[in-house]
Amino acid sequence: MKSAPSAAAPAGTTVQGPWFAWLQLLQGFIGSLMILAGSVGVGWIANGSPMIRNQLVIDMRTEGVGVITSTILLTLGAIILLRSWLRLGQRLRAWRPGSLHTVVTAVLLWGAPLFAAVPIFSRDVYAYTGQGRLMAAGQNPYTTGISALSNWFMLGTDPSWAENRTPYGPVFLWLSRGVVALTGGQPDTSVLLFRALACVGVALCVIYVPKLAALHGVDGARALWISVANPLFLISFVASAHNDALMVGLAVAGTYFAATRRGVLGVLLVTLSIAIKPITIVLLPFIGLLWAGHKAGWGRRFLFWAGTGTLSLLILWLLGLPGNLGFGWTWALLDSTPGYTGYSPSGFGGQMVGALSNALGLDGVAFENGFRTLLTVLSVGLAVWFMFRGNPQHVVRRMGLAFAAVVLLAPIIQPWYILWFLPFLAVTGIRNNWQIKICYVVIAFFVVFGAQDQLFVWGFVELPVGTASLSMAVALAGVLYLLVVDVYTRKLLFSREAALSTESVEGTAN
């Protein structure tokens, strides 16, 4: 799909401002407000937070009616936000001039209530505060767990972080140290500052996703709608305040500058992304290819690969000097985290291989582990393949596919991990066929899964039904409504046409 012409619309062309999809924008805003309200009752609040002593918060978190209402509000709000995103895509299906303004308005309007929400879907943000406190105490988070700190549990950190080394890069550790210096480790204000850092990454995506899409002849508004306005992105990167937002934003910006032959700046930004979370080291070889140019021969490619690697290594070495952090983050790349997620191909496939092996009288555990190791090796092989093979003019596409292979074939896939590579696929073109349908299914699955998987409820609260079961029931009812009842959204998966609705853009705004 080609990019929109420009800011100035040709004569006779309808300009689609935010008013054009006002109902979708309003519905999404209401959904975000419902998530905000529900998060107070079942979101993650640190035990040391003053909020925990507020009477309204106490009632919402300790009374059965409050907990059940909060669960329904949170889950239903996520479904409404999902529907608003889908309907916005339908309303803007022609992607006329002005659509980009509408999508940016959606990101701002839907994201604003989530900025004030209690952390949901994850409480990793409290671990960031703990790592900042470790830095403030002169301890190395690459060798010391958060349990070394006094009062660490009261500040909201998940016990699974107690003895774990941090997998984050030195830049994020110093940012965490800065947050703690400003807040004194107070959990609520720390969450807001970490959200502000995450929103820097969101802003970088809003700025550079359309620019990068334009380089590939893809409509920037549509690319932004797919990759940034979707509810999984907003919930994970705003409400949950994951540092992945800053990692992705820097990577997208760096890719844009490398693609426009400003290679040094591109390498610097992608290296800063690595220094937030090291997984984006996968992108470096492709940044070298972009810097070299699509007409480069193999000699020039190897020269720019060497230059990219050397420059990035030098920057990372300099970043590791303060506090003697060094290259302590490399353990996160070299050590495999134990366990798996059951919905990942590696996790589910390994279970099936293990069960079949046991049925045949073989060592099921050995075959299960071997299968997962094979997929990990395959992911690396695919990344190398895309590095060396493919159209020289499609480097960003190859980079997105390599990144996707590394993520999707890993044993552990957290819901927000797909947001790492989605922008690179969106800016190079996701077609209105099975490709966009897969996006719908995956994003909807993780929004529904996240809504019921991370709900906090005190053990002493008596409930007629478990919150996870209630949330799942509400989510499934919402999904069935979207698939079967809603005359607009049910066309998205089952229409014989392309995935977007065939309704006229001048039609009803429902």
Side-chain angles (χ1 to χ4, degrees), residues 1 16 18 20-35 72-96 99 102-103 106-107 109-110 219 221-235 343 415 418-419 422 425-426 429-452 469-510:
M1 185 170 289
Q16 298 179 185
F20 188 82
W22 66 271
L23 188 53
Q24 282 71 50
L25 296 175
L26 178 60
Q27 287 173 345
F29 180 67
I30 292 172
S32 290
L33 287 176
M34 292 173 67
I35 294 173
I72 294 173
L73 282 171
L74 177 65
T75 310
L76 190 57
I79 295 296
I80 291 174
L81 187 58
L82 174 64
R83 182 186 187 273
S84 303
W85 173 67
L86 295 172
R87 290 291 293 127
L88 182 63
Q90 289 178 310
R91 291 293 294 166
L92 300 178
R93 61 184 297 268
W95 304 104
R96 295 171 177 168
S99 296
T102 303
V103 177
V107 172
L109 193 62
W110 299 348
D219 190 280
R222 185 173 184 272
L224 192 68
W225 167 72
I226 291 173
S227 59
V228 178
N230 76 72
L232 182 62
F233 186 100
L234 295 174
I235 292 172
Y343 50 75
I418 68 166
L419 303 172
L422 184 59
L425 299 183
I430 292 178
R431 295 180 179 177
N432 281 335
N433 52 18
W434 61 268
Q435 295 180 2
I436 192 65
K437 290 181 181 183
I438 288 178
C439 286
Y440 294 152
V441 171
V442 172
I443 289 171
F445 170 78
F446 281 124
V447 168
V448 170
F449 174 79
Q452 60 84 34
S469 299
L470 176 62
S471 177
M472 180 58 72
V474 173
L476 289 178
V479 169
L480 285 175
Y481 173 81
L482 295 177
L483 290 176
V484 179
V485 179
D486 193 308
V487 296
Y488 301 103
T489 57
R490 71 187 185 189
K491 301 175 184 178
L492 294 172
L493 290 183
F494 303 122
S495 172
R496 295 180 62 183
E497 291 194 10
L500 289 181
S501 168
T502 58
E503 71 169 277
S504 168
V505 291
E506 286 82 18
T508 176
N510 180 42

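Reckoned from all heavy atoms, side chains included, excluding hydrogens, waters and symmetry mates.
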Which atom pairs, one a donor and one an acceptor, fall under 3.5 Å between side chains of residues 477-485 and the rest of the protein, sequence neighbours left out?
none

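- Rounding to the nearest 0.5 angstrom, the gap separating the CH2 atom in Trp95 from the OG1 atom in Thr102 is 9.0 Å.
- When atom types are taken as modelled, the side chain of Arg222 and the backbone of Ile430 share a donor-acceptor pair closer than 3.5 angstrom.
- By the side chain to side chain contact (heavy atoms under 4.5 Å, CB included) test, Ser84 is found to be paired with Gln27, Ile80, Trp110, residues two or more places apart in sequence or in another chain being considered.
- A distance of 10.5 Å separates CG of Leu92 from CZ of Arg87, quoted to the nearest 0.5 Å.
- Contact of the Leu422 side chain with the Leu232 side chain is not registered, since no non-hydrogen atoms from C-beta on lie closer than 4.5 Å.
- Ring geometry, Trp225 versus Tyr440: the interplanar angle exceeds 60°, so the pair is classed perpendicular (tilted spans 30 to 60°).
- Listed by chain and residue number, Met472 satisfy the side chain to side chain contact (heavy atoms under 4.5 Å, CB included) test with Leu476 (two or more places apart in sequence, or in another chain).
- With sequence neighbours excluded, the residues that form a side chain to side chain contact (heavy atoms under 4.5 Å, CB included) with Leu470 are Ile68, Thr71, Ile72, Val465, Val474.
- Taking CZ of Phe446 as the start and CD1 of Ile235 as the end, the distance is 13.5 Å to the nearest 0.5 Å.
- Neither side chain, Arg93 nor Gln90, offers a donor N or O lying under 3.5 Å from an acceptor on the other.
- Here the side chains of Val103 and Val228 are not in contact, with every heavy-atom distance at 4.5 Å or above.
- Annotation: the span from Ile443 atom CD1 to Asn230 atom CG amounts to 4.0 Å, rounded to 0.5 Å.
- With sequence neighbours excluded, the residues forming a side chain to side chain donor-acceptor pair (under 3.5 Å) with Thr75 are Ser471, listed by chain and number.
- Pairing each heavy atom of Leu109 with each of Leu25, the nearest pair is CD2-O, 3.5 Å.
- Here the CG-CG distance, from Leu419 to Leu234, works out to 9.5 Å after rounding to the nearest 0.5 Å.
- By the 30° and 60° cut-offs, the orientation of the rings of Phe445 relative to Phe449 is parallel.
- Atom CD1 of Ile35 is separated from atom CD1 of Ile30 by 12.5 Å, given to the nearest 0.5 angstrom.
- Residues passing the side chain to side chain contact (heavy atoms under 4.5 Å, CB included) test with Leu73 are Met34, Ala37, Thr69, sequence neighbours excluded.
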Give the intermediate values and the outcome of side chain to side chain contact (heavy atoms under 4.5 Å, CB included) for residues Val441 and Leu493. CA-CA 9 Å; Val441 171; Leu493 290 183; 4.0 Å; yes

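- Nearest heavy atom pair, residue Ala475 against residue Ile79, reads O-CD1, 4.0 Å.
- Heavy-atom minimum distance, Phe233 versus Ser227: CD1-O, 3.1 Å.
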